[in-house]
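Remarks on the structure that follows.
No experiment lies behind these values; they were computed from the predicted model shown.
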Amino acid sequence: MKKKILIISGGISKERMISLETGKQVAKELKKNNYLVRSCEPNKDLLSEIKDFKPNCIFNALHGQFGEDGYIQTILETVGIPYTHSGVIASAKAMDKEISKKIFLKNKILTPKYFIYNFNKTNKELISFVKKKFNFPVVIKPINEGSSVNVYICTKNNLLKNLKFLKDYKKVMIEQFIPGREIQSAIIGKKKLGAIELKPKRKFYDYQAKYNSNAKTEHIIPVDLPKKKYKALMNITLKAHNLMGCRGVTRSDFKFFKGKFYLLEINTQPGMTKLSLVPEISAYIGINFINLIKLILKDASINK
Ligand SMILES: Nc1ncnc2c1ncn2[C@@H]1O[C@H](COP(=O)(O)OP(=O)(O)O)[C@@H](O)[C@H]1O
Ligand SMILES: [Mg+2]
């Protein structure tokens, strides 16, 4: 009998379009390989879709809010069918950049210095506080977004203006800007998958640099690092994955500067379009797209 996989994609986050693309690519590949596939949205029909289709496994192809932060995972736990990627708690921790950083620091994983922006502070106070803490430039970002949505690199002159773009978020982080190289690395099923370097042509690895092929971000694999450094990178990646309690596949985003890796975040629902980084890293070590999907399905579970 054919295995039945229900793919959940789309959703309400700002990464909806990327999620639809992830879902589409995964569905196409599974169908090509003899799986019975149905795709659905995480909406009010979800539970009846599951009841009707009775999948062997649920593939979570969502990105961002409601899909990557423990919400959908909580619903899926009640359903009792194995679902892919991290569970409730790990997803919630990894999606919250403030909680993640606290965990990284407690476990001696280097991450850029930061503080949570207090919208009540006067402008003058803020500028002098930043200067005291780590000086300019700084990076501002929502604590619970992805795909570089609403991430801005700011100088003293445009910090206040840029902060206005983030006024609707409950929490905003101001981070020390780390120059240097952009390196990302992946884990699957507690195994080190590998790493890739990104060389954006734009000011940084922003939304356009990530998804618009005209932006021409260069992908470099293998990453040019001394063996010892590469090993250290993969060790930090696995340590972070494990201590957050992640499952299946994760991708960690680093800045590499003056011989040190600064962990920015762990993504528990990394993109799975054919142009995404995890499929590229895995293809490099000989795991093609369907085998990558199979590994993710193998790790699917509940109650973890
Ligand atoms: N502290 C920082 N220093 C330098 N660049 C940063 C910093 N934080 C973020 N960036 C840039 O912004 C991108 C997105 O930031 P990240 O924290 O990974 O958020 P997202 O969840 O949106 O991917 C990074 O890949 C990097 O290019
Ligand atoms: Mg990132």
Side-chain angles (χ1 to χ4, degrees), residues 85-86 90 93-94 97 100-101 103-114 139 146-148 151 175-202 204-206 209-210 216-289 291-296 298-299:
H85 301 76
S86 293
K93 287 195 285 197
K97 289 186 168 76
S100 299
K101 270 169 156 332
I103 297 173
F104 299 158
L105 290 169
K106 208 165 173 205
N107 290 279
K108 299 192 167 45
I109 293 177
L110 194 60
T111 183
K113 289 183 190 149
Y114 75 102
V139 181
S147 287
S148 301
V151 175
E175 223 178 44
Q176 168 194 30
F177 173 79
I178 308 291
R181 294 160 69 183
E182 177 103 26
I183 296 176
Q184 306 195 352
S185 48
I187 298 296
I188 185 148
K190 303 209 182 291
K191 282 206 189 72
K192 299 163 188 168
L193 199 62
I196 190 162
E197 178 167 0
L198 295 317
K199 278 200 181 157
K201 299 262 184 294
R202 298 169 62 81
F204 74 106
Y205 196 38
D206 64 2
K210 284 179 179 176
K216 296 199 168 34
T217 297
E218 208 182 323
H219 293 197
I220 299 162
I221 190 164
V223 180
D224 185 15
L225 281 173
K227 250 198 183 132
K228 235 172 111 182
K229 280 283 165 209
Y230 183 80
K231 223 174 146 185
L233 167 70
M234 293 314 301
N235 285 342
I236 304 169
T237 311
L238 184 59
K239 179 177 169 181
H241 174 105
N242 285 339
L243 71 89
M244 300 289 274
C246 294
R247 187 175 77 209
V249 70
T250 60
R251 197 198 72 235
S252 290
D253 298 350
F254 289 90
K255 292 290 294 187
F256 181 59
F257 183 58
K258 291 194 173 161
K260 287 186 181 153
F261 295 102
Y262 293 79
L263 180 53
L264 298 177
E265 59 153 351
I266 299 187
N267 299 285
T268 52
Q269 296 282 138
M272 286 284 286
T273 70
K274 281 215 165 163
L275 289 176
S276 296
L277 304 173
V278 169
E280 193 172 346
I281 294 170
S282 95
Y284 180 75
I285 58 161
I287 301 173
N288 64 13
F289 200 44
N291 285 331
L292 172 64
I293 295 170
K294 281 183 182 170
L295 286 174
I296 294 173
K298 204 175 114 199
D299 270 344

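- In this structure, the side chains of L292 and M272 come closer than 4.5 Å at one or more pairs of heavy atoms.
- Side chains of T111 and Y262 form no contact here, defined as non-hydrogen atoms less than 4.5 Å apart.
- With rounding to the nearest 0.5 Å, the separation of CG in L110 from CZ in F254 is 10.0 Å.
- Residues F256 and K229 have side chains in contact (heavy-atom distance under 4.5 Å, counting atoms from C-beta outward).
- The CG atom of L277 sits 5.0 Å away from atom CG of L198, with the distance rounded to the nearest 0.5 Å.
- Within a 6.0 Å sphere centred on NZ of K191, heavy atoms belonging to other residues, nucleotides or ligands number 12 at most.
- Considering only heavy atoms from C-beta on, S252 comes within 4.5 Å of L263 through its side chain.
- Between the CG atom of L225 and the NZ atom of K231 there is a distance of 14.5 Å, given to the nearest 0.5 Å.
- Taking CD of E218 as the start and CD of E182 as the end, the distance is 13.5 Å to the nearest 0.5 Å.
- Heavy-atom minimum distance, L264 versus K255: CD1-CG, 4.0 Å.
- Considering all non-hydrogen atoms of both residues, K239 and N107 come closest at NZ-O, 2.7 Å.
- At least one donor-acceptor pair under 3.5 Å links the side chain of S282 to the backbone N or O of I287.
- The minimum heavy-atom distance linking P279 with T273 is given by the pair CG-O, 3.5 Å.
- For the residue pair S185 and T237, a side-chain donor N or O sits within less than 3.5 Å of a side-chain acceptor on the partner.
- Counting only heavy atoms from C-beta outward, the side chains of K199 and R181 never approach each other to under 4.5 Å.
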Apply side-chain contact (heavy atoms from CB on, under 4.5 Å) to E197 and V223, showing your working. CA-CA 6 Å; E197 178 167 0; V223 180; 3.9 Å; yes
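- P112 has its side chain out of reach of Y114: every pair of non-hydrogen atoms, C-beta onward, lies at least 4.5 Å apart.
- Nearest heavy atom pair, residue S100 against residue M244, reads OG-CE, 3.5 Å.
- The pair K97-E175 does not count as a salt bridge, with every side-chain nitrogen at least 4.0 angstrom from each carboxylate oxygen.
- Counting heavy atoms from C-beta on, the side chains of K210 and T217 never come closer than 4.5 Å.
- Residues Q184 and Y205 are in side-chain contact: their nearest non-hydrogen atoms beyond the backbone lie under 4.5 Å apart.
- Here the CD atom belonging to E280 is positioned 3.5 Å from the CD1 atom belonging to I196, to the nearest 0.5 angstrom.
- Here I109 contributes atom CD1 and K101 contributes atom NZ; the two are 11.5 Å apart, rounded to the nearest 0.5 Å.
- Although no hydrogens or angles enter the test, the distance criterion places a donor-acceptor pair under 3.5 Å between the side chain of N267 and the main chain of R251.
- Of all the heavy atoms in V139 and F177, the pair that sits closest is CG2-CD1, 3.8 Å.
- In terms of heavy atoms, I183 sits closest to F261 at CD1-CE2, 4.3 Å.
- Residue K190 places its NZ atom among more than 12 non-hydrogen atoms of other residues, nucleotides or ligands, all under 6.0 Å distant.
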